[in-house]
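Here the structure comes first, spelled out in structure tokens, and everything after it is commentary.
Since the model is a prediction, treat every value here as computed from it, not as a measurement. Note that these values count all heavy atoms, side chains included, but never hydrogens, waters or copies made by symmetry.
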Amino acid sequence: MDFGTDRVAVTGATGWLGRRLVETLVHGLPDVEALRTPQAGLRVRCLVALGQDGPGLQRLAGEGRIELVVGDVRQPAHCASLVGGATGGILFHLAGTSHPRRVREFYEVHVEGTKNVLDAAARAGVRRAVVATGSSACGHCPSRADRFDESAPFHPYMHGGRSRMLMELAVRERGRGGVIEAVVVRAPFGYGPGPRLRLKQWFREIRDGRALIVGDGKAPRSMTYVDNLCHGLMLAALVPQAAGQTYWIADERPSSIREAVDTVERLLEAEFQQPCKHRRRRLPGAAADLAQLLDSGIEALGTFPPRIHELSRMNRTIACVTGKAESELGYRPAVSLEEGMRRSLRWWLENGGL
């Protein structure tokens with residue numbers, strides 16, 4: 001790989017995705033031949049929260065490949081420190097929040113934080129910003145047969161979705177100014193190796209017979225293995241014609257909650273000798289509708305209810321197609337759902353168990 005610059009900056013570098021992206025920038029992406037060999041001499045500067053630089057980044061920093069800048073995207077001065085001296089460089093903006101304590105944090109991080117870091121990058125002469133976001137700005141597909149593509153209108157789900165919509169609009173506005181090339185990468189639910197505690201808890205629930213199925217559990221759901229997402233992010237930085245564009249990045253096909261649970265259960269027993277209870281907790285589809293009403297009411301009070309929010313989306317179709325990324329970027333997801341879950345389970349069993 002060759003970014004055409006030796007300067008790369010990353011926000012959200014201590015998060016599950018950010019840490020993996022930094023690793024792939026430094027060591028290469030093993031499943032993609034064109035990205036297997038890292039760029040020689042690449043310098044990666046990471047914005048990290050105070051006390052949250054993490055052992056993985058500290059190890060990489062010790063190798064002399066990366067630099068840690070302590071700060072917060074909500075502080076313009078910290079953003080300026082991140083991109084200072086990065087003229088002609090690349091910015092990967094991955095910072096975000098999924099389970100804040102207060103609703104206002106969605107807007108502080110997603111909207112104001114994005115404006116801060118992109119404005120600082122433009123002033124510093126950064127050439128391209130690749131901005132990662134999720135599916136919530138588009139909400140849910142109208143039916144199980146529908147799929148989101150890049151022409152899908154905004155239909156934000158709750159405050160998380162509205163903040164992501166405003167974030168994307170801010171990115172577009174700054175990209176249209178011509179001062180910086182801006183690319184938006186949308187990804188549905190991500191999974192893969194690394195310390196993502198929600199995933200560990202879900203694996204435990206499957207093993208112990210407590211996995212939750214709402215309705216029939218067959219609603220199509222796109223998912224994104226972490227290295228597939230890193231692949232898409234790097235292509236968005238490398239391909240010249242990606243400037244000003246938006247791309248969905250996901251695994252090869254949508255699955256469903258039911259298929260994902262069955263896959264994990266089969267792997268646990270057949271390959272990792274973890275006996276499973278072979279039971280499911282089941283709720284009618286109406287439970288998601290009730291959860292949505294509760295979610296809306298609680299968020300109106302300024303508080304975010306993570307468990308209720310997750311329940312409210314569990315029987316919804318949230319699925320996309322990646323045809324634009326395939327045709328314009330050359331994206332091909334290299335890792336399937338089964339292989340991605342296999343790697344995720346192996347990581348947890350080797351790093352503390354389930």
Listed pairs under 3.5 Å, donor-acceptor, residues 182-202 side chains, sequence neighbours left out:
unit_1 : atom_1 : unit_2 : atom_2 : d
R186   : NE     : E168   : OE1    : 3.3
R186   : NE     : E168   : OE2    : 2.9
R186   : NH2    : E168   : OE1    : 2.9
Y191   : OH     : D251   : OD2    : 2.7
R196   : NH1    : G190   : O      : 2.4
R198   : NE     : E310   : OE2    : 3.4

List in chain and number order the residues that pass salt bridge (Lys or Arg N to Asp or Glu O under 4.0 Å) with R123, two or more places apart in sequence or in another chain; answer none if no residue qualifies.
none
If you look only at pairs with a residue in residues 278-334, which of them pass as a ring pair (Phe, Tyr, Trp, His ring centres under 6.0 Å), with sequence neighbours excluded?
H99-F304, F106-F304, Y157-H309, H231-Y331, F304-H309
Tell me, please, which residues at least two apart from E23 pass salt bridge (Lys or Arg N to Asp or Glu O under 4.0 Å).
R20, R59
Taken in chain and number order and not counting sequence neighbours, the residues that satisfy ring pair (Phe, Tyr, Trp, His ring centres under 6.0 Å) with F154 are none
Inter- and intrachain pairs under ring pair (Phe, Tyr, Trp, His ring centres under 6.0 Å), touching residues 2-32, at least two apart:
none
Other residues, nucleotides, ligands: >12 heavy atoms within 6.0 Å of R316 CZ
yes
Looking at residues at least two apart in the chain, or sitting in another chain, which of them share a salt bridge (Lys or Arg N to Asp or Glu O under 4.0 Å) with R128?
E181
Which atom pairs, donor and acceptor, lie under 3.5 Å between side-chain atoms of residues 42-51 and protein residues at least two apart or in another chain?
unit_1 : atom_1 : unit_2 : atom_2 : d
R43    : NH1    : G64    : O      : 2.7
R45    : NE     : E67    : OE1    : 3.2
R45    : NH1    : S81    : O      : 3.2
R45    : NH1    : L82    : O      : 3.0
R45    : NH1    : G84    : O      : 2.7

Output side-chain donor-acceptor pairs under 3.5 Å for residues 130-143, partner residues at least two apart or in another chain, one line each.
unit_1 : atom_1 : unit_2 : atom_2 : d
H140   : NE2    : R313   : NE     : 3.3
S143   : OG     : A145   : N      : 3.3
S143   : OG     : D146   : OD2    : 2.8

Can you run down the ring pair (Phe, Tyr, Trp, His ring centres under 6.0 Å) pairs that involve residues 113-139, sequence neighbours left out, and say none if there aren't any?
none
For W248 and F148, I'd like to know if the aromatic rings sit close, meaning centre-to-centre distance below 6.0 Å.
yes
Can you sort out the partners of R74 under salt bridge (Lys or Arg N to Asp or Glu O under 4.0 Å), two or more places apart, ordered by chain and number?
D72, E108
Excluding sequence neighbours, so at least two apart, what forms side chain to side chain contact (heavy atoms under 4.5 Å, CB included) with Q245?
Y247, K324, E328
Will you find, in the side chains of T303 and R102, an N or O donor that is under 3.5 Å from an N or O acceptor?
yes
Do R176 and E173 sit within salt-bridge range, that is, some charged N less than 4.0 Å from a carboxylate O?
no
